[in-house]
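Beneath this line is the structure, given in structure tokens, with notes to follow.
None of these values were measured; they are calculated from a predicted model.
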Amino acid sequence: MKHLLFLVLISVCWAEPHSDNSSLGHERIVRIQENGPRLLVVAEQAKIFSHRGGNVTLPCKFYHEHTSAAGSGTHKIRIKWTKLTSDYLKEVDVFVAMGHHRKSYGNYQGRVLLRESSENDASLIITNIILEDYGRYKCEVIEGLEDDTAVVALNLEGVVFPYSPRLGRYNLNFHEAQLACVDQDSVIASFDQLYDAWRSGLDWCNAGWLSDGSVQYPITKPREPCGGKNTVPGVRNYGFWDKDKSRYDVFCFTSNFNGRFYYLIHPTKLTYDEALQACLKDGAQIAKVGQIFAAWKLLGYDRCDAGWLADGSVRYPISRPRKRCSPNEAAVRFVGFPDKKHKLYGVYCFKAYN
């Protein structure tokens with residue numbers, strides 16, 4: 001730190017002879033220049049909303065305080081975008097630009113670029129958004145010894161749903177929970193996503209993993225088996241547990257999809273294997289749990305017929321509650337994990353658009 005301060009002082013100081021007494025050539029007056037305009041980085045919006053498959057611009061501009069200039073012209077400007085992990089302990093490289101040199105990283109390659117609508121525009125464009133893009137991003141601008149940052153949150157429209165496998169309640173460690181969500185066309189939900197779902201009415205009494213490694217569950221209607229009848233509604237927090245040894249359910253998050261979700265009209269009910277083949281014969285695949293939740297929540301899909309899904313479960317989506325079809329609430333109703341070889345049901349299929 002001392003070396004850095006010394007260099008800064010050297011850069012802003014100069015000496016000149018004393019004008020009143022030229023005979024004292026060894027005398028010098030040291031003049032110290034005031035610091036120049038400070039670099040400022042600003043995000044015009046702190047939160048941006050989009051959806052899977054869409055394009056989005058994360059806003060970021062840089063200025064020098066008390067001036068309209070974008071840069072001093074002395075140093076090249078380096079722009080760096082990173083994504084903050086859910087626990088804020090790490091940063092994942094997204095994009096770096098300096099002059100004509102540009103580099104993107106990981107699954108952002110080929111999907112990110114700077115907007116550059118003006119010389120001080122460092123906004124990042126993300127195309128073909130995927131579920132993993134959700135989160136907080138940091139825009140950092142560096143010019144010489146100066147730098148500043150701004151943080152922008154990218155939120156995705158979607159739905160949070162609780163998930164447990166055929167094995168039953170509390171059978172997933174953290175890593176298995178992550179994979180379980182991916183297998184169902186979703187990702188493990190963040191606390192913010194679960195909190196928003198709770199505010200929208202999600203009530204679930206089984207604790208599940210979240211992306212930060214915590215275990216929580218949302219309660220809108222307090223009752224004895226779920227933390228106590230006299231407690232207040234809220235998201236109950238079990239804390240952080242061993243990701244390898246501890247076992248819980250999981251909360252997954254999914255967004256809209258580029259395809260068609262539908263109940264296959266078939267002359268007979270089907271076993272699980274027959275359901276798989278029926279969807280394939282129709283040019284589709286058997287639908288996943290995330291897809292039935294997305295169709296129900298985001299498209300208002302409503303069907304009172306129970307059908308097979310890819311994980312071997314049987315469910316049906318009700319957007320308009322009615323007698324014999326979830327009379328009390330709109331929900332994706334869960335029938336269970338029936339015997340695949342002997343039980344007969346309909347099937348929900350999904351056909352992706354090219």
ask   = Got a donor-acceptor contact below 3.5 angstrom from the Gln184 side chain to the Cys181 backbone?
value = no

ask   = If you measure from the Lys or Arg side-chain nitrogens to the Asp or Glu carboxylate oxygens, is any gap between Arg136 and Asp192 under 4.0 Å?
value = yes

key: Ala284 versus Cys349, closest heavy-atom pair with distance   = CB-CB, 4.1 Å

ask   = Which residue pairs pass the side chain to side chain donor-acceptor pair (under 3.5 Å) test with at least one member in residues 163-174, sequence neighbours excluded?
value = Tyr163-Asp311, Arg169-Asn206

Residue Lys340 excluded, over 12 heavy atoms near NZ under 6.0 Å = yes

key: Intermediate values then yes/no, side chain to side chain contact (heavy atoms under 4.5 Å, CB included), Asn55 and Ile129   = CA-CA 6 Å; Asn55 301 330; Ile129 289 173; 5.9 Å; no

query = Any side-chain heavy atom of Ser246 within less than 4.5 Å of one from Trp209?
reply = yes

message = For Phe261 and Tyr348, take the angle between the two ring planes, folded into 0 to 90°, and tell me which bin it lands in: parallel under 30, tilted 30 to 60, perpendicular over 60.
response = parallel

inquiry  = Counting only heavy atoms from other residues, nucleotides and ligands, does the tally under 6.0 Å from CH2 of Trp198 exceed 12?
reply    = yes

message = Regarding Asp93 and Lys83, does a basic nitrogen lie under 4.0 Å from an acidic carboxylate oxygen?
response = no

key: pair Tyr217-Ile219: side-chain heavy atoms closer than 4.5 Å   = yes

request  = Would you mind checking if Lys61 and Glu44 are paired as a salt bridge, meaning a charged N to carboxylate O distance below 4.0 Å?
outcome  = yes

task = Measure the spacing between CG of Leu264 and SG of Cys279 and express it to the nearest 0.5 Å.
result = 5.5 Å

key: Distance-minimising heavy-atom pair for Ile79 and Ala122   = CD1-CB, 3.7 Å

message = For Gln178, is the CD atom crowded, meaning more than 12 foreign heavy atoms sit under 6.0 Å from it?
response = yes

inquiry  = When you compare the side chain of Val314 with that of Leu309, does any pair of heavy atoms fall below 4.5 Å?
reply    = no

note = Paired with Trp81, the side chain to side chain contact (heavy atoms under 4.5 Å, CB included) test is passed by just one of Val92, Val96, Leu58, Val112, namely Leu58

task = May I ask you to say whether Asp305 pairs ionically with Arg303, meaning some side-chain N is under 4.0 Å from a carboxylate O?
result = yes

ask   = Hey, is the main chain of Glu274 close enough, under 3.5 Å, to the side chain of Trp308 for a donor-acceptor pair?
value = no

message = To check you understand the geometry: which heavy-atom pair defines the closest contact between Asp203 and Lys221, and what is its length?
response = OD2-N, 2.9 Å

query = Can Asp148 and Tyr63 be said to form a side chain to side chain donor-acceptor pair (under 3.5 Å), step by step?
reply = CA-CA 10 Å; Asp148 195 21; Tyr63 308 89; over 6 Å; no

ask   = Which of parallel (below 30°), tilted (30 to 60°) and perpendicular (above 60°) describes Phe161 and Phe293?
value = parallel

query = For the side chain of Ser319 and the backbone of Gly300, is there at least one donor-acceptor N/O pair under 3.5 Å apart?
reply = yes

query = Got a salt bridge between Glu140 and Arg78, using NZ or NE/NH1/NH2 to carboxylate O under 4.0 Å?
reply = no

inquiry  = What verdict does the side chain to side chain contact (heavy atoms under 4.5 Å, CB included) test give for Met98 and Lys80, after you've listed the backbone C-alpha separation in whole Å, the side-chain angles of each residue and the deciding distance to 0.1 Å?
reply    = CA-CA 9 Å; Met98 187 170 181; Lys80 182 178 182 181; over 6 Å; no

task = Consider only side-chain heavy atoms of I, L, V, M, F, W and Y, link residues closer than 4.5 Å, and tell whether Val235 and Ile188 are in one cluster.
result = yes

Minimum heavy-atom distance Pro222-Val232, with the two atoms named = CG-C, 4.0 Å

ask   = Val56, Val94: one ILVMFWY side-chain cluster at the under-4.5 Å cut-off?
value = yes

inquiry  = As a quick check of understanding, evaluate side chain to side chain contact (heavy atoms under 4.5 Å, CB included) for Tyr263 and Tyr301, giving each step before the final call.
reply    = CA-CA 10 Å; Tyr263 180 83; Tyr301 194 92; 3.7 Å; yes

request  = Examine Leu344 and Val335 and state if one hydrophobic cluster contains both, with Ile, Leu, Val, Met, Phe, Trp and Tyr joined whenever side-chain heavy atoms are less than 4.5 Å apart.
outcome  = no

ask   = What are the two closest heavy atoms between Phe240 and Asp212, and how far apart are they?
value = CE2-O, 3.3 Å

request  = Quick one: pull up CG in Leu172 and CG in Leu179 and give me the separation to the nearest 0.5 Å.
outcome  = 9.5 Å

query = Would you call Asp185 and Arg52 a salt bridge, taking side-chain N to carboxylate O under 4.0 Å as the test?
reply = yes

Reported CD1-to-CD1 distance for the pair Ile77 and Ile142, which is rounded to 0.5 angstrom = 11.0 Å

key: Hphob cluster co-occupancy, Ile125 + Tyr108, side-chain heavy atoms under 4.5 angstrom   = no

Side chain to side chain, Tyr272 and Ile286, heavy atoms closer than 4.5 Å = yes

query = salt bridge (charged side-chain N to carboxylate O under 4.0 Å, His left out) between Glu91 and Lys138: does it pass, once the steps are laid out?
reply = CA-CA 9 Å; Glu91 294 181 19; Lys138 186 174 80 172; 2.8 Å; yes

task = Taking all non-hydrogen atoms of both residues into account, name the closest pair between Leu39 and Val141 and its distance.
result = CD2-O, 3.5 Å

key: Side-chain (Ser255) to main-chain (Glu157) donor-acceptor, under 3.5 angstrom   = yes

inquiry  = Would you compute the distance between atom CG of Leu156 and atom CD1 of Ile48 and round it to the nearest 0.5 angstrom?
reply    = 12.0 Å

request  = With the side chain counted from C-beta on, respond yes when Tyr316 and Arg333 share a heavy-atom pair under 4.5 Å apart, and no when they do not.
outcome  = yes

task = Step by step, work out the side chain to side chain contact (heavy atoms under 4.5 Å, CB included) result for Asn107 and Gln109.
result = CA-CA 5 Å; Asn107 59 20; Gln109 293 183 46; over 6 Å; no

task = Would you mind reporting whether Cys252 and Val250 have side-chain heavy atoms less than 4.5 Å apart?
result = yes

query = Within the distance-only criterion (no hydrogens, no angle test), does the side chain of Ser326 pair as donor or acceptor with the backbone N or O of Pro321 below 3.5 angstrom?
reply = no

inquiry  = Using ring pair (Phe, Tyr, Trp, His ring centres under 6.0 Å), reason through Tyr353 and Phe257 one step at a time and then give a plain yes or no.
reply    = CA-CA 9 Å; Tyr353 296 146; Phe257 44 69; 8.6 Å; no

Glu146 side chain near Arg38 side chain, heavy-atom distance below 4.5 Å = yes

ask   = Is any NZ, NE, NH1 or NH2 atom of the basic residue among Arg322 and Asp302 found under 4.0 Å from an Asp or Glu carboxylate oxygen of the other?
value = yes

message = With a sphere of 6.0 Å drawn around NZ of Lys351, does it hold more than 12 non-hydrogen atoms of other residues, nucleotides or ligands?
response = yes

key: Check: Tyr195 main-chain N/O paired with Arg199 side-chain donor or acceptor under 3.5 Å   = no

remark   = In this structure, OG1 of Thr271 is separated from NE2 of His342 (nearest 0.5 Å) by 9.5 Å

Ser214 and Phe191, any side-chain heavy atoms less than 4.5 Å apart = no

inquiry  = Nearest 0.5 Å, please: how far is OG1 in Thr57 from CD1 in Ile126?
reply    = 9.0 Å

key: Test item: Ser123 side-chain N/O and Arg115 main-chain N/O as donor-acceptor pair under 3.5 Å   = no

query = In terms of hydrophobic clusters joined by side-chain contacts under 4.5 Å, are Leu298 and Leu202 together?
reply = no

request  = Kindly state whether the ring of Phe337 and the ring of Phe334 have centres lying under 6.0 angstrom apart.
outcome  = yes

